Undergrad: 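What follows is a structure written as structure tokens; I'll ask about it next.
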Amino acid sequence: MTQTNTQTDPVVGIIMGSSSDWDIMKNAAAMLDDFGVPHEVRVISAHRMPHDMAEYGSAAAGRGLRAIIAGAGGAAHLPGMMAALTTVPVFGVPVPSRYLRGEDSLLSIVQMPKGVPVATFAIGESGAANAALHVVACLATTDAPLRSRLEAFRARQTEAARAMVVPPHAAT
Ligand code: RP5
């Protein structure tokens with residue numbers, strides 16, 4: 001995977017360390033799609049493509065990106081290094097790892113030194129979806145139509161939760 005361009009200029013970059021992260025990170029892309037937020041998707045490995053990572057970070061603000069969602073697993077240095085390279089806010093998603101279930105990813109991303117923040121989300125699909133939702137919430141502070149869509153999303157979610165029955169298979 002190299003790049004997915006939307007029809008308008010992207011305002012959010014979704015980056016990940018490997019195409020193997022896509023199964024998780026696609027949840028962020030799907031959420032941004034649902035809200036109509038233009039975004040791009042790229043594989044940028046901190047360890048295998050360090051110069052590409054530096055280029056992406058250096059250019060991010062000038063290209064008009066307003067948020068970067070960065071997912072990585074294991075020694076998950078991509079989100080933190082991206083935060084070091086740009087003042088565009090970075091939202092980190094710990095991808096479940098093969099041997100340590102993503103706890104290594106989480107700790108690698110969340111334990112940033114003072115002065116270089118990464119907003120770090122839960123391990124896995126929920127984290128990826130929530131990173132996108134948090135980006136939407138941030139963008140919505142200055143975008144009234146987007147705020148309306150976010151409020152509608154929350155209202156639908158609340159109604160779905162209220163309609164839940166237990167045990168789940170007892171629903172008519
Ligand atoms: C990290 O290493 C990636 O973010 C990925 O989660 C992990 C494994 O990558 P692959 O070996 O599957 O390419 O850099």
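Quick caveat: nothing in here was measured; it's all calculated off a predicted structure. Counting starts at 1 for both ligands and their atoms, following the listed order.
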Undergrad: Output, in order, the C-alpha distance, side-chain angles, deciding distance and verdict of side chain to side chain contact (heavy atoms under 4.5 Å, CB included) for D23 and K26.
TA: CA-CA 6 Å; D23 266 354; K26 68 184 181 188; 3.4 Å; yes
Undergrad: For ligand 1, what is the set of protein residues having any non-hydrogen atom at a distance below 4.0 Å?
TA: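 Shell around ligand 1 (4.0 Å, heavy atoms): G17, S18, S20, D21, R48, A72, G73, R98.
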Undergrad: Could you tell me which non-hydrogen atom of S105 sits nearest to which non-hydrogen atom of G74, and how far apart they are?
TA: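 Distance-wise, the nearest heavy atoms are OG-N, 3.0 Å.
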Undergrad: Kindly give the heavy-atom pair with the smallest separation between I15 and M82, and that separation in Å.
TA: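 Looking at all heavy atoms of both residues, the shortest contact is CD1-CE, 3.7 Å.
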Undergrad: Does a salt bridge link E40 with R42, judged by any charged N lying under 4.0 Å from a carboxylate O?
TA: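 Answer for the salt bridge query: yes.
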Undergrad: So, for A70 and M25, which heavy atoms are closest and what is the spacing to 0.1 Å?
TA: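 Closest pair (atom of A70, atom of M25, distance): C-CE, 4.3 Å.
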Undergrad: So, E159 and R162, do they make that salt bridge, N to O below 4.0 Å?
TA: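 Yes, charged N to carboxylate O under 4.0 Å.
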